[in-house]
Amino acid sequence: MKISKYIVPTMKEDPSDAVVASHRLMIRAGLIRKEAAGMYAYLPLGFRVLKKVINIIREEMDKAGGLEFLMPELTNADLWKESGRWDTMGPEMFRIQDRNKLEYALAPTHEEAFTNVVRSIISSYRDLPVNVYQINTKFRDEIRPRFGVMRSKEFIMKDAYSFDIDEEGLEESYQKMRATYRSIFERCGLETIPVQADTGNMGGSNSEEFMVASEIGEEALLLCSCGYRANQERADFYRELTKSGEEQKEIEIVDTPDVKTIDDLVSFFNCSAEKFLKSIIYLADNKPVMAVVPGNREINELKLKNTLGAVELELAPDNVVEEVTSAPVGFAGPVNGLNVRTVFDISVRYIPNAITGANEKDKHFKNVNPERDFAVKEEADISTAEEGDPCPECKKSMTVKRGIEVGHIFKLGYKYTKAMNVTVQNEKSQEITPIMGCYGIGVNRTLAAIIEQNYDERGIIWPLSVAPFHVHLVGIAKSDEEVKTVEEIYNKIQDSGLEVLYDDRKVSPGFKFADADLVGIPVRITVGKSYFTNNEIELKFRHSKDILKISVEKISEFLSEYRKLLSDGNVSIQKLSDFLK
RNA sequence: CGGGAUGUAGCGCAGUCCGGUAGCGCGCUGCGUUCGGGACGCAGAAGCCGGGAGUUCAAAUCUCCCCAUCCCGACCA
C-alpha cells in the first residue's frame, strides 16, 4: 500500500483530551478518531489492527471447537424478562422502543440471546457439549467512558457460551477456554495475569479475569508469591481471629463535638484506628442496612452486596442516615440496637473495648465490647484486602498491582438454562438441564492494552502478530529514476506475500522516519542514499536503535523467511533478528 | 449522579480579569530552493469565538440558561 493512496493522518501533537498512552497514540498514529464520548471510528490503519486481533481470537476459538454465530444486536425485552435481567440490568443497558412501543435493548451481553437460540436447536445430550460464540458490537451506557477505546459505550466483544450436560463437562469446557485465552493473549503479544474475580450480575460461581498489568488499570489486583491472585473486589485475606486477653472495661459515653471521621477519632481518642467500629449505612435495594468493620479497614461493597443478596447497593444519603441513627452522619454505631439489618465483619467480635458512634449527635461510646454491648447476629467477611495483608492460602504478605481486564471467564451454572427452561433428554429419556459457562474478551480493549504494553516516546511498537503491516518501506529518492527503483523494490516485497506500507510521499526523510516510528510497524526498510551508492538496503527493527545495512540478496532471503514464519504462526522479533546474524 | 476544569481555523493554544480591527504554532494550497531524523523562503486559503437569551452605542470578553468534552469517585469486557 502506498501512503499517498492511503489514509494515515498522523499528528505531531498530542490531542488535548487523551490522557493515557494508548489513547494518545491511537489518535496520533491515525488509527482512530473520536465521534463522540465513548464512540470511536476506526480508520483504515486501526481497522487493520483490529481485524488482526479478531482473527487471532477467531482462530483460537475455532481451534478449541467454538462455533461462530452472528447474533442481532437489538434484543427483544421478552428475553430479558424471561431471565429476570430486564429489571436487574440497571441503567447501563440501552433500552429503546420501536414505533409500536415494543421494548428492546441494545445488547450489552448475549447470555439470553444465545440461550434462546441454543434451546431451539438442542434436544439431546448427544448435542452437547457445545460452545457457541460471536465477535460483535456491544452497547453499554457507561457512566463514564474513559481512556479512548479502553472503556467506551460501544465496543466489540468476543463472547462465547458453553453448554454441558453436567458440572464435569462444564469444568472441561471452562478449562479449555482458560487455555484458549492464554494462547490468544500470548499470540497478541500480551502478558496477562489470570486472577480470581467476582461474577457480577452475570450470575454463577467460579470466575477468572485475564488482566494486563498496567499503571492505568482500573482494577487493583492482590498477588502473592505462592500464586494466589485475586481482584481486590473479591480478594480474601488471612486473619488471625483470637480473643484478646484485654480486660473488658466499663462502657462509657464520651462527648465528641464535631469528631466524625475515623481520622478525627484517632486524634481525639489518641489510639489506633483498629479500635473503632466503623459503622456505615447503606441502601441495599432501597432498604437501609448497616455494615460494621474495624476502623482501619475499608468496607468491600461487593462482598457486602453478595452477603446481603442485594441487586443494588449504595451509600445511604445523609437524610436516610439521620433517620436511621437519629443523629447526623458520623455518629452511627451498633450499640443501642438500631432497627436495621446489620452485618458485622468477622473480625469485629474480637475487638475489645472498642469505640463507636452512639447514634446521638456529638457522642461516642468507648470500651464497647461485642456480645456484651451489642449482639453480633450476622457476620461475614466484608473487608477489602489491602497491600501487605496476609495471603489467604499461605499467609505471606500480598502485593498490589493495577490491571486492565481484557478477558473474563465464568462458570455460569444453571442461572439461564433454568430461568429460560432449557432441557435436553439424557440416555434414559429423562429431561436434564444443561449447565453453562460464558467467556468474554474485550477486543478493542485488548488492542489498547497491547499498545499500553508496547510503546516508547516515539510511538507504538507493534508485536508482529497484530502489526497493521509487516514492513514499512521508506523511499528516499531524489530523481524520477530513483523513484522507479524504489518502486521495483516495493513490488518485490509485495510479491513476497508480505503486507507492506510504502511511504512514497514527497516529504523530508526525517518526517517519514518520525511517522514510521509513530505508526510502529515492526520492520522498517529504507531505500535511499546507501542503496544508490553501495547497493545496500537498510533494515531497522522498531524496537531497537540499530540500523542494519544489508545486501539486496540477503534482504530477499530475509523477506521469505519472514513470510514463512508468519504463515507458520511462529513469528517473533527474536527469530527475525537471529536470521540476520 | 456528586466534585473539579475546558469549549476560539483541521490539530495544539493565546486573547476573556480590564468590552472597541480575531491572533500564534503546526497542518493545508501555490511557486521556488532543499532532501538521511519532524527543511527554508515568498504568496495564499481557512473561524456564527459551543448554543440560546440578556446588558450595552458596541460582546470571544459581562450576566443568566442550556449543550458538549475532559479529569477524580460508584458501573464493567
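Every chain is numbered from 1, with letters handed out A, B, ... down the list of sequences.
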- Counting side-chain heavy atoms from CB outward, which of B:G38, B:C71, B:G37 is closest to A:R28? B:G38
- Nearest-nucleotide comparison on RNA chain B, the residue closer to the 5′ end among A:E218 and A:T10: A:T10
- Task: Using atom CG of A:D14 as one end and atom P of B:G27 as the other, report the distance to the nearest whole Å.
- Result: 16 Å
- Query: Quick one: which of B:G37, B:G38, B:C76 gets closest to the side chain of A:R151?
  - Reply: B:C76
- Query: For the side chain of A:D515 and the backbone of A:L518, is there at least one donor-acceptor N/O pair under 3.5 Å apart?
  - Reply: no
- Base partner of B:A68, which must satisfy Watson-Crick or wobble distances under 3.5 Å: B:U6
- Item | Nearest to side-chain heavy atoms of A:R140, which nucleotide of B:C72, B:G38, B:C76 | B:C76
- Strand contacts (RNA chain B) in residues 32-64 of chain A, 4.0 angstrom heavy-atom criterion: A:K34, A:A37
- Item | Shortest side-chain distance from A:K540, nucleotide among B:C76, B:C1, B:G37 | B:G37
- Nucleotide paired to B:A43 in any strand shown, Watson-Crick or G-U, under 3.5 Å: B:U29
- Query: Do A:I57 and A:M61 come close enough that some side-chain heavy atom pair is under 4.5 Å?
  - Reply: yes
- Given the C1' atoms of B:U56 and B:G19, what is the spacing between them in whole Å? 9 Å
- Quick one: is A:S508 getting a side-chain N or O under 4.0 Å of the B:C35 phosphate, OP1 or OP2? no
- Note on the structure: On RNA chain B, more 5' by nearest nucleotide between A:G442 and A:R146 is A:R146
- Query: From the list B:C71, B:A77, B:G37, which nucleotide is the closest neighbour of the side chain of A:E142?
  - Reply: B:A77
- Hey, does A:T533 reach any base, or is it just sugar-phosphate, or nothing, if we go heavy atoms under 4.0 Å? nothing
- Query: Does A:F94 have A:R140 sitting over its ring (NZ/CZ under 6.0 Å from centre, angle to axis within 45°)?
  - Reply: no
- Is the cationic atom of A:R95 (NZ for Lys, CZ for Arg) positioned less than 6.0 Å from the six-membered ring centroid of A:W80 and within 45 degrees of its normal? no
- Item | A:K138 NZ - B:C75 C1' separation (whole Å) | 18 Å
- Gap between atoms CD and P, on A:E457 and B:G38 respectively (whole Å): 15 Å
- Query: Picking from B:A77, B:G37, B:C11, which would you name as closest to the side chain of A:M11?
  - Reply: B:C11
- Message: Nearest whole Å is fine: how far is B:U34 C1' from A:K506 NZ?
- Response: 15 Å
- Which pairs with one or both residues in residues 18-32 of chain A pass salt bridge (Lys or Arg N to Asp or Glu O under 4.0 Å), sequence neighbours excluded? A:D14-A:R24, A:D14-A:R28
- Message: Within the 4.0 Å heavy-atom criterion, would you say A:V19 contacts the bases, only the backbone, or no part of the nucleic acid?
- Response: sugar-phosphate
- Task: Please work out if A:S530 contacts a base, only the sugar-phosphate, or nothing of the nucleic acid, heavy-atom cut-off 4.0 Å.
- Result: base
- Task: Return yes if the base of B:C76 and the side-chain atoms of A:E219 contain a donor-acceptor N/O pair under 3.5 Å, otherwise no.
- Result: yes
- What's the CG-P distance between A:L313 and B:C1, to the nearest Å? 21 Å
- Message: Using Watson-Crick or G-U wobble geometry with both distances under 3.5 Å, which nucleotide pairs with B:C49?
- Response: none
- A:F210-A:F185 aromatic ring centre distance below 6.0 Å: yes
- Item | Interatomic distance at P, B:A60 relative to B:C49, whole Å | 7 Å
- According to the Watson-Crick and G-U wobble definitions, with both distances under 3.5 Å, which nucleotide is paired to B:C57? B:G20
- Message: Has A:W462 got a side-chain atom pairing as donor or acceptor with A:V519's backbone, closer than 3.5 angstrom?
- Response: yes
- For A:E92 and B:C1, what is the distance between atoms CD and P respectively, to the nearest whole Å? 16 Å
- So, does A:N231 use its side chain to make a donor-acceptor pair with the main chain of A:R234 at under 3.5 Å? no
- What nucleotide, of B:C71, B:C75, B:G38, holds the atom closest to the side chain of A:I143? B:C75
- Query: What is the distance from NE2 of A:H408 to P of B:A77, rounded to the nearest Å?
  - Reply: 6 Å
- Item | A:E209 CD to B:C75 P, straight-line distance once rounded to whole Å | 13 Å
- Item | B:G54 and B:A58, which share atom name P, separated by this distance in whole Å | 12 Å
- With a 4.0 Å cut-off on heavy atoms, is A:K12 in touch with a base, just the backbone sugar-phosphate, or nothing at all? base
- With C1' as the reference atom in both, quote the distance from B:A14 to B:A22 in angstrom, rounded to an integer. 11 Å
- Query: Is there a Watson-Crick or G-U wobble partner for B:G73 with both distances under 3.5 Å, and if so, which one is it?
  - Reply: B:C1
- Item | Near-parallel close stack of A:F513 and B:G38 base (under 5.5 Å, under 30°) | no
- Item | Criterion side chain to side chain contact (heavy atoms under 4.5 Å, CB included) on A:Y174 and A:S162, from CA distance to verdict | CA-CA 8 Å; A:Y174 182 85; A:S162 67; over 6 Å; no
- Item | Same-atom distance (P) from B:G47 to B:G10, integer angstrom | 8 Å
- Would you indicate which nucleotide in B:C72, B:G37, B:C76 comes nearest to any side-chain atom of A:R144? B:C72
- Just call it for A:G528: base, sugar-phosphate, or nothing, with non-hydrogen atoms closer than 4.0 Å on any strand. base
- Looking at the side chain of A:L518, which of B:C71, B:G38, B:G37 is the nearest nucleotide? B:G38
- Query: What residue pairs, at least two apart or across chains, pass ring-ring contact (aromatic ring centres under 6.0 Å, His included) with a residue in residues 18-47 of chain A?
  - Reply: A:H23-A:Y40
- Message: Given B:G38, B:A77, B:C75, identify the nucleotide with an atom nearest to the side chain of A:F410.
- Response: B:A77
